[in-house]
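Scope of the values below: all heavy atoms of this structure, side chains included, with no hydrogens, waters or symmetry mates. Note on naming: letters A, B, ... go to the chains in the order of the sequence lines (proteins, then strands), and numbering restarts at 1 for each one. Just so we're clear, the structure is a prediction, and the values are computed from it rather than from any experiment.
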Protein chains: 2
Amino acid sequence: MAIEIKITLNEGLYLKEPQESALGRNIIRHSILMIDEFGFEAFTFKKLARVINSTEASIYRYFENKHLLLLYLVNWYWEWVHTLIAINTMNISDPNKRLKIIIRSLVSASEDNPGVEFVNESILHSIVISEGGKAYHTKDVDDENSKGFFMSYKNLANTVSKVISEINPKFKYPYALATNLFEMTNNHIYFAKHLPRLTDISVKENDLNEVEKMLNYFTDKLLK
Amino acid sequence: MAIEIKITLNEGLYLKEPQESALGRNIIRHSILMIDEFGFEAFTFKKLARVINSTEASIYRYFENKHLLLLYLVNWYWEWVHTLIAINTMNISDPNKRLKIIIRSLVSASEDNPGVEFVNESILHSIVISEGGKAYHTKDVDDENSKGFFMSYKNLANTVSKVISEINPKFKYPYALATNLFEMTNNHIYFAKHLPRLTDISVKENDLNEVEKMLNYFTDKLLK
DNA sequence: TCGAAAGAATAGTAATACTATCGAAAGATA
DNA sequence: TATCTTTCGATAGTATTACTATTCTTTCGA
């Protein structure tokens, strides 16, 4: 039984649905690879066009600018994690177990999970770790927020906060704990790799076990 | 008794010490105001030059590029917070009390505290909240880290982690908790303002009391 | 087979992120 | 007082970025 994943994103993020054409899928596939390789600031539509044997103008038919493309990718990521969490917690009634599965999904969603052919989820996670914050740290946050460009992230926060409240209905900060789990996951993977003195954990050869343990330790203590 | 604060920063961050000339201080003063007003991406040396009645080339004599200027400002901020914490916890032996003072300093360092004439610490905090992450989310992290460009932040993390370990020597994640306090502070101030569904607290008229309460609640639970 | 849409090719523009050179002025030194 | 040096303003120039616009060919669906 193969599970088909179809990701649906806010229509304002793109000018033309990239999933529905070979060029569009190529834009997604290679923008992920290139942003990961060169970083978001060095990434340009012109360079991407060269790599996929197309033109700058053609890419502009799909995305208004590179910021919206990043937003598209980041939303994709959170939407995908949300879908996986939904699948993996489907038949589990114990909220404690569900939160553990959520944490595992946040840390290593890309391992052994069904994905989409033209998206390398593991590299996409790298991008979200390194560049994700730039998606919402912009002068246009309020405007973009009103258009629903952060919905995927907010929906996931909502889902996770409900599980938290189920575990401990008296806990006063379910949303803060949820978003903190997201931010902490990605921050500490980044710290372990680049700024190890900012964390206590280490990540050897992409073994994210220590991150997962730390997040479980934090939530257990907080929700007791 | 007036307290004189002198901030010393890594020399690699600038080409010429900006604190020592009127032009240099003008660059600092107005870059803070302009980055806050227009955001980091829209901020350019050309625009800054126009505002301070100088030239692009003159600004380039002080800073290699705008990224290093941001790094300078962010380091300044953490160095300044560190100094305040050192002053305010000086005669306090109880580590629990010291951590509370640290949290208060993180949340509202700029209130009622001595500062530097040409730096608006409150606006500088705004910049660190909105743009701070961009300082270390760059393709050159490793290189910049090796030059000590993140020292101010790491030193503060070190100081705070020691207080945490003093409170509970068995707590396994003192560094992670320290950095988490920093990140959480700034994230949730930002969320409350721009993405309220990502947090449980609210910030009315710059009253950051709820942020402080939340951070105290989290640390208390974690260190018990 | 006709029409519409997709996209390749090309051109062009304003702004950005610099680099380089020159000369005036101001401050320190002898 | 002469001079030496550092500072900085003025000006110019370049490669790249972030777009926009137009035209022409191909393809695909009705």
Worksheet item: Is there a donor-acceptor contact under 3.5 Å linking the side chains of A/Asn145 and A/Tyr136?
Response: no
Between the side chains of B/His125 and B/Asn186, is a donor N or O closer than 3.5 angstrom to an acceptor N or O?
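Yes - a donor-acceptor pair under 3.5 Å links their side chains.
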Counting only side-chain heavy atoms from C-beta out, which of [options] sits nearest to [X]?
X       : options               : result
B/Glu56 : C/dA8, C/dT16, C/dC18 : C/dC18
A/Ala57 : D/dC19, C/dT10, D/dG9 : C/dT10
A/Thr55 : C/dA8, D/dC8, D/dA10  : C/dA8
A/Tyr60 : D/dC8, C/dA6, D/dA18  : D/dA18

Protein-nucleotide distance ([X], atom [atom1]; [N], atom [atom2]), rounded to Å:
X       : N      : atom1 : atom2 : answer
A/Arg50 : C/dT10 : CZ    : P     : 15 Å
B/Phe63 : D/dC8  : CZ    : P     : 13 Å
A/Leu23 : C/dA6  : CG    : P     : 11 Å
B/Ile59 : D/dT11 : CD1   : C1'   : 16 Å
B/Leu68 : C/dC18 : CG    : P     : 9 Å
B/Lys66 : C/dA15 : NZ    : P     : 15 Å
B/Glu20 : D/dT6  : CD    : C1'   : 13 Å
A/Leu15 : C/dG7  : CG    : P     : 13 Å

Between [X] and [N], is there a contact of a side-chain N or O with OP1 or OP2 at under 4.0 Å?
X       : N      : answer
B/Ser54 : D/dG9  : yes
B/Lys46 : C/dA15 : no
B/Lys16 : D/dC8  : yes
A/Lys47 : D/dT17 : yes

Return the orientation label for the [X] and [Y] ring planes: parallel under 30°, perpendicular over 60°, tilted otherwise.
X        : Y        : result
B/Tyr72  : B/Phe63  : perpendicular
B/Phe43  : B/Phe40  : parallel
A/His194 : A/Tyr190 : tilted
B/Phe218 : A/Tyr173 : tilted

- Query: If you look at every strand shown and take non-hydrogen atoms under 4.0 Å, does A/Tyr62 touch a base, only sugar-phosphate, or nothing?
  - Reply: sugar-phosphate
Next item on the list: Look at all strands and tell whether A/Thr44 reaches a base, only sugar-phosphate, or nothing, counting heavy atoms closer than 4.0 Å.
Entry: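 It contacts sugar-phosphate atoms only.
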Next item on the list: Note the angle between the end axes of the helix from C/dT1-D/dA30 to C/dA30-D/dT1, five pairs defining each, rounded to 10 degrees.
Entry: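 Computed from the C1' atoms at both ends, the axes differ by 20°.
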Result for 5'-nearest mapping on DNA chain C, choosing between B/Arg61 and B/Glu41, is B/Glu41
Before giving the answer on side chain to side chain contact (heavy atoms under 4.5 Å, CB included), spell out for B/Tyr153 and B/Val74 the whole-Å C-alpha distance, their side-chain angles and the decisive distance to 0.1 Å. CA-CA 9 Å; B/Tyr153 194 75; B/Val74 171; over 6 Å; no
Practice item. Would you mind reporting whether A/Lys204 and A/Ser202 have side-chain heavy atoms less than 4.5 Å apart? Key: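 The answer is yes, as the side chains (C-beta and beyond) meet within the 4.5 Å cut-off.
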